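Okay, structure first, notes after.
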Amino acid sequence: QFPRECVTPEGLRSGRCCPTPAGLENDPCGATAGRGLCVPVAVDARPHGPQYPHDGRDDRERWPVRFFNSTCRCNGNFSGFNCGRCRHGFTGDNCDQRVSVVRRNVMQLSADEKLAFVSALDQAKRTVHPDLVIAMRRFQEIFGPDGNTMQFENITIYNYFVWSHYYSVSKTFLGAGQASFGGVDFSHEGPGFLTWHRFHLLQLEQDMQDMLQDPSFALPYWDFAIGGSTCDICTDDLMGARSSFDMNSLSTNSVFSSWRVICESVEDYDTLGTICNSTESSPIRRNPAGNVNRPMVQRLPEPQDVAACLQVNTFDTAPYYSTSDESFRNSVEGYSAPQGNYDPAVRSLHNLAHLFLNGTGGQTHLSPNDPIFVLLHTYTDAIFDEWLRRHSPDSAVYPDENAPIGHNRGYNMVPFWPPVTNAEMFVTAQDNLGYSYAAEWPAQPFTVTEIITMTIVAALVVVAVVFAATTCAVRAKSRREGHQPLLVDQYQRYDDDKSQSVV
Ligand SMILES: O=C1C=c2cc(C(=O)O)[nH]c2=CC1=O
Ligand SMILES: [Cu+2]
C-alpha cells in the first residue's frame, strides 16, 4: 500500500516518501515545478472509542506514521503520491481541463458498454499496479530475516482493491499462541464506513482511468433496492450468471468464473501474524438468495428502504458504532432499520445486499473478490451523496473524536497512501471530487416545516377565498336590493312600529 520507490530499506528507515514525478529530475513532489511540497504527515490525535482497547499493538494506529512520516502535499489540481497526476475530474499537462465522470446505472448501459466495462475489470484483475506494492508482513518483520530484504510485493490493480479492504478489516495480531483481536474494523461499523468506501472506489476508478488512458472512465452502479430474490445483474453479459452445474459457482460463459480470490488464508494471518499477499486461490462463490438458513437475506432491499434512510436527519449518533440509533450512516450501512431505529436482528440496505450474495461477497475479509462489490458500493456511495445533497450538513456533524479507531473525522483512512482523511471524503461528489451519478431518487417527502407552512398557506388561501366570496355575495345582494332601496325596509319597519305604537 505504498509506492514501490519508497519501500527501500533506506526509504523506510528515513520515514520519508516524497518521490519525484515522472519526467522530472530529482524534484521531490515536483516542488520546483510548483506541483507540491514534501511535508510532515498530520495524524489524528483525538481519543477514539472503547472498541479497541490496545495501544501500540497495531501498525494501523495513527496511520501511517508506523511506516512514513513525510508525504507530498500537492498544489491546486495536482494529486498523487508524487503530485504527478491530476485530481479526479481534471486532466491535461497542467490539470486545468475538466473531464466529466458520470457513474450510470449498469442496467442502462448498452451491450457494448457492458462488454467494455466487464473487459476493463478483467484487465484490471490482470494488470500489475504501476505504482503501489503491498506489505506481506507487519512492520516489525518488514525488513526480512536479514534486515535488508523488504517484505513487499507487486499486486494487480483489482487485487490491490481487494487487499486494501482486507487490510482495513483484518484482526490485530497479539503474538503467536495468542488469539488475534477481532473487535476492530477501520472501514465498517462506524462513521468512516461511507467515507472509506468512497475513497476505495475513487482509487479503483482512477487506477482504471490510468490503465485505460481514459480520464472519463466511470464505474457504474447497481441499484440493489429492487426487492425480490432475483439478482438482475447476475447475467453473463454483466457479473456472471449462476453455473448450471453448481449453484454456488459462476457460469463458465462469464470471464469472472476464471477469476481466483486472494486473502483466503485467515487462519495463517490470525495465528502466524502474516498478511494477505497477492497469491490467488479459489474461484468466486456466489449463490444469490440461496441462504435457506437465513430467510431474511433471501430478498434484496426495497425501493422504499432508500427513501426511508434518506429521511434520517442525523448523519451519525453516539456511540458512532453498529449499534447507533437514528443514524443515517448505520441505516445505509444496514445495521439499523432503513427508518433509523436500531435493531440487532436487522440487516438492511448495504449489509443485506452483501448477505444476499451468499458467498464470497458476503464475507467481509473476502467480499471485494466478487466484482459485484464494486457496483454494490457505488450505489451505496450514490445514496450517501444524495443524503449530502439533501441535508447539506456542516462538516461538524461528522464526529471528530470517540468514534471507533480509524473513524474520527481527522483520521487518515487505512491503508491509503498518500494520507487522506475521512473529512476529505465528507463532501458532495460533483462539486468536490470530480464525479456525479446519473440516478433517479424517490420523491423527497415534505419535511414537517414544509407541511406546516403549506397548511398555513392553504388556510390563508381558504380564508381569502371565503372573504372574497362573501364580499361578492354581499355586494351582489346590496346591488339587487339597491333597486328597492334599503329605505323600503325602514318604511316597513316604521309602519310596523307606528301601528303598534298607538297608545
Ligand atoms: O463484505 C461484507 C460482508 C458483510 C456481512 C455483513 C453483515 O452485516 O453481516 N456486513 C458486511 C459488510 C461487508 O462489507
Ligand atoms: Cu466493505
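Ligands are counted one by one from 1 in listed order, and the atoms in each one are counted from 1 as well. Along the sequence shown, the residues carry numbers beginning at 1. Note that the structure is a prediction, hence the values are computed from the model and not measured.
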- Counting no waters, what protein N/O/S atoms lie under 2.8 Å from the Cu ion (ligand 2)? H165 NE2, H188 NE2, H197 NE2
- Does R103 make a cation-pi contact with Y435, if we ask for NZ or CZ under 6.0 Å from the ring centre and within 45° of the axis? yes
- Task: May I ask you to say whether R4 pairs ionically with D131, meaning some side-chain N is under 4.0 Å from a carboxylate O?
- Result: no
- Query: Salt bridge or not for K125 and E280, using N-O below 4.0 Å?
  - Reply: yes
- Quick one: are the C83 and C74 sulfurs under 2.5 Å apart? yes
- Query: What's the verdict on ring pair (Phe, Tyr, Trp, His ring centres under 6.0 Å) for F373 and H377, showing C-alpha distance, side-chain angles and the deciding distance?
  - Reply: CA-CA 6 Å; F373 179 102; H377 270 281; 4.3 Å; yes
- Taking only residues two or more places apart in sequence, or in another chain, which ones meet F224 in a ring pair (Phe, Tyr, Trp, His ring centres under 6.0 Å)? W222, Y379
- Identify, with sequence neighbours excluded, every residue that meets ring pair (Phe, Tyr, Trp, His ring centres under 6.0 Å) alongside H129. Y160
- Query: Are R198 and D385 ion-paired here, with the side-chain N under 4.0 Å from a carboxylate O?
  - Reply: yes
- Message: Are more than 12 heavy atoms, taken from residues, nucleotides or ligands other than R62, located less than 6.0 Å from that residue's CZ atom?
- Response: no
Name each N or O atom in ligand 1 that is under 3.5 Å from a protein N or O, and give the partner atom and the distance.
| unit_1 | atom_1 | unit_2 | atom_2 | d |
| --- | --- | --- | --- | --- |
| ligand 1 | 1 (O) | H354 | ND1 | 3.4 |
| ligand 1 | 1 (O) | S367 | OG | 2.6 |
| ligand 1 | 8 (O) | R347 | NE | 2.5 |
| ligand 1 | 8 (O) | N351 | ND2 | 3.3 |
| ligand 1 | 9 (O) | R347 | NE | 3.3 |
| ligand 1 | 10 (N) | N351 | OD1 | 3.0 |
| ligand 1 | 14 (O) | H188 | NE2 | 3.1 |
| ligand 1 | 14 (O) | H354 | NE2 | 3.3 |

